[in-house]
Structures are given as structure tokens and as C-alpha cells.
Amino acid sequence: NLPRSIYETDHIITVSEFIRNEIIDLFKLSPIKVTCVYHGVSKLFKVRPFIDVKSVLAIYDLHEKSYLLSVGTLEPRKNLERLIQAFNKLPEQLRKKYPLVLIGVKGWRTHRLEKMIQPLIKKEQLYCLGYVPEADLPYLYSGAYAFIYISIYEGFGLPLLEAMASGIPTLASSESAMPEVVGDAAMLVNPFDIDRITEKLNQLINDLALRDKLKQLGPLQAAKFSWESCIENTIAVYQQTLKSSGVS
């Protein structure tokens with residue numbers, strides 16, 4: 001029913017210019033029929049001193065760890081298998097000092113992924129937290145040493161905003177909408193190149209000048225995306241659409 005819905009509707013709102021362009025190209029629509037209105041990021045995601053986060057981190061046994069964080073459903077689109085393979089290629093001392101933490105519910109086709117992560121869990125080089133309460137999530141972001149989000153495809157990528165707003169150095173996929181969201185405030189990597197992902201992880205951990213730069217740029221980039229702007233821009237689309245239809 002998607003093509004029918006698209007052709008019969010008066011106007012379409014998308015969450016990124018990437019998706020806007022895909023819809024225009026795939027369905028041969030006039031560009032004036034499609035508007036991008038960006039999502040925002042909750043004000044709960046912000047830079048916090050460690051003293052404010054350590055009690056939450058202690059619940060997950062992370063209060064004494066410099067961990068690399070990834071947030072998202074465990075499913076093939078999130079590219080976690082390649083992330084695990086790249087992480088595994090780091091020197092063992094780095095994997096021990098900077099364990100990988102996965103947050104997200106189990107999705108589909110996870111059997112091979114679960115097999116891959118078990119040896120790392122036993123070595124305490126990986127923690128798979130599954131679902132975590134929404135109230136804890138901002139603190140788990142704030143406590144992270146770095147954030148990794150190298151999905152194969154995203155229409156937007158809200159966790160990227162949450163990490164950057166928290167002042168966490170971020171590595172993002174160079175595919176789909178993600179470069180649009182992070183701008184110059186995160187590192188980008190080809191999500192299909194395992195060796196390159198390993199290189200970028202190493203850089204994200206060890207390049208202190210780069211880390212300081214990303215910590216400063218992240219909150220500034222995230223501040224460009226607010227729910228207030230999302231609401232205002234959505235209302236503007238409705239008003240313009242009504243006006244074009246002759247409704248005052």
C-alpha cells in the first residue's frame with residue numbers, strides 16, 4: 001500500500017534529506033511535494049560529570065570501566081557482526097581496557113551474532129545489556145568512553161544525536177542519513193570495511209586531540225536538532241499544505 005499512499009497524499013514529511021531524495025527518486029515525485037523535518041534530541045542527553053553517572057554505571061558493573069558503547073536493536077541492519085569482527089582485531093590489552101557494551105533488545109537473525117559475542121563476554125571484553133530502562137540510558141551514554149554506530153542503513157539515526165549531546169566521541173557509518181546527522185562532529189567509516197573500522201576504533205581510543213575536538217563539536221552539532229524546531233516545522237508544512245488546498 002505504500003506507493004498508493006504516497007501518490008494519493010497531499011504532502012510527505014521525511015526525517016532526513018537522504019530519505020527525501022530517495023522518495024523523490026524512487027517514486028518520481030515533484031520535490032515540492034516532499035519536505036524534510038528533522039527529529040530532535042531530548043534534553044536528558046547532556047554532558048554530565050562522572051560523579052552524576054557513577055551510581056547508574058554501578059548497577060551494570062561499568063563504574064570502573066572505560067567502555068565503548070553501541071545502542072540499537074540486535075539485527076543485521078545494525079552491522080554488529082562487522083563491529084565485533086573489527087573489535088576482535090584490536091590488541092587484547094585494548095579490548096580488556098576498553099570493553100564493548102551493547103544496549104538493545106534482541107531483534108531477528110541474531111544466532112550468529114550471539115555465537116560471536118559469547119567468547120568476548122567470557123573474557124569480560126564485551127557486555128550485552130539488552131533492554132535498559134529509559135531513565136538509565138542518558139547516564140550510560142554519559143559514562144561511555146566512545147560511541148559507535150556503524151549501521152548499514154538508517155533513515156535518521158537518533159542514537160547519534162544522543163551520544164553527541166552527551167559529549168561522547170562518536171564513530172558513525174558513512175552510509176545513508178548518518179553523515180547528514182553528525183556533520184563534522186563525528187568520525188565516519190565505511191561500514192563494510194572491517195579493517196578500516198578497526199583502524200577508526202584504534203584512533204577513537206588513542207587520539208586524544210581528536211577525542212577532545214569531538215567532545216566539543218558533538219554537543220554543538222546535536223543542539224541544531226530540537227523537538228521544538230521539529231514541531232514548528234511540522235506545523236508549517238500542515239499550514240502550507242492546507243493553504244495550497246484552499247483551506248483557510
When you measure from the side chain of [X] to the backbone N and O of [Y], does any donor-acceptor pair fall under 3.5 Å?
X	Y	value
S142	K46	yes
R48	S166	no
R211	A146	no
T73	E75	no
R20	P31	yes
S70	I148	yes
S16	I19	yes
K33	T9	yes
K123	K96	no
S173	S151	yes

Which atom of [X] lies closest to which atom of [Y], heavy atoms considered:
X	Y	result
I51	K54	O-CG, 3.9 Å
R82	P191	CD-O, 3.2 Å
N190	I197	O-CG1, 3.8 Å
V181	Q221	O-NE2, 2.8 Å
S66	P99	O-CD, 3.6 Å
T110	L74	CG2-O, 3.1 Å

Could you state whether [X] and [Y] fall into the same hydrophobic cluster, counting links through intermediate Ile, Leu, Val, Met, Phe, Trp or Tyr residues with side-chain heavy atoms under 4.5 angstrom apart?
X	Y	answer
I32	V237	no
V71	Y145	no
L242	V37	no
V132	Y139	yes
L100	L137	no

May I ask you to test the [X]-[Y] pair for a side-chain heavy-atom distance under 4.5 Å?
X	Y	value
L201	L94	no
Y67	Y60	no
R95	N88	yes
L129	L62	yes
I12	L29	yes
I117	L80	no
M187	L210	yes
L68	L204	no

Within a reach of under 6.0 Å around [atom1] of [X], are more than 12 heavy atoms found that belong to other residues, nucleotides or ligands?
X	atom1	result
R77	CZ	yes
E114	CD	yes
Y238	OH	no
Q93	CD	yes

Hey, are R4 and E8 close enough for a salt bridge, meaning a charged N less than 4.0 Å from a carboxylate O?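 Result for this pair is yes, salt bridge flagged.
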
Does the pair Q216 and K213 meet the rule for a side chain to side chain donor-acceptor pair (under 3.5 Å), with working shown? CA-CA 5 Å; Q216 292 172 24; K213 179 185 172 185; over 6 Å; no

With side chain to side chain donor-acceptor pair (under 3.5 Å) as the criterion, how do Y127 and D61 come out once you've worked through the C-alpha distance, each side chain's angles and the decisive distance to 0.1 Å? CA-CA 9 Å; Y127 295 79; D61 194 25; 4.6 Å; no

Carefully, step by step, assess E199 and Q203 under the rule side chain to side chain contact (heavy atoms under 4.5 Å, CB included). CA-CA 6 Å; E199 287 175 24; Q203 191 179 359; over 6 Å; no

In this structure, is the centre-to-centre distance between the rings of F18 and Y153 below 6.0 Å?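 Centroid separation for Y153 and F18: below 6.0 Å.
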
Given the side-chain rings of F45 and Y141, with only the six-membered ring counted for Trp, is the space between their centroids under 6.0 Å?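 Centroid separation for F45 and Y141: below 6.0 Å.
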
Could you walk me through whether F87 and I84 pass the side chain to side chain contact (heavy atoms under 4.5 Å, CB included) check? CA-CA 5 Å; F87 178 74; I84 301 298; 5.6 Å; no

H11 and Q240: side chain to side chain contact (heavy atoms under 4.5 Å, CB included), yes or no, with the steps? CA-CA 10 Å; H11 203 89; Q240 183 57 46; over 6 Å; no

Calculate, to the nearest 0.5 Å, the distance between atoms [atom1] and [atom2] belonging to [X] and [Y] respectively.
X	Y	atom1	atom2	value
E81	R109	CD	CZ	7.5 Å
I168	E162	CD1	CD	12.5 Å
D195	D193	CG	CG	6.0 Å
C36	E180	SG	CD	6.0 Å
I150	T170	CD1	OG1	13.0 Å
N202	K200	CG	NZ	12.0 Å

Under the side chain to side chain contact (heavy atoms under 4.5 Å, CB included) rule, what do I205 and L90 come out as? Steps first, then yes or no, please. CA-CA 11 Å; I205 290 168; L90 290 172; 4.2 Å; yes

Which of parallel (below 30°), tilted (30 to 60°) and perpendicular (above 60°) describes H39 and W227?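 Answer is tilted, since the angle falls between 30° and 60°.
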
Where do Y149 and K78 land on the side chain to side chain donor-acceptor pair (under 3.5 Å) test, with the steps shown first? CA-CA 8 Å; Y149 199 72; K78 298 299 183 181; 3.1 Å; yes

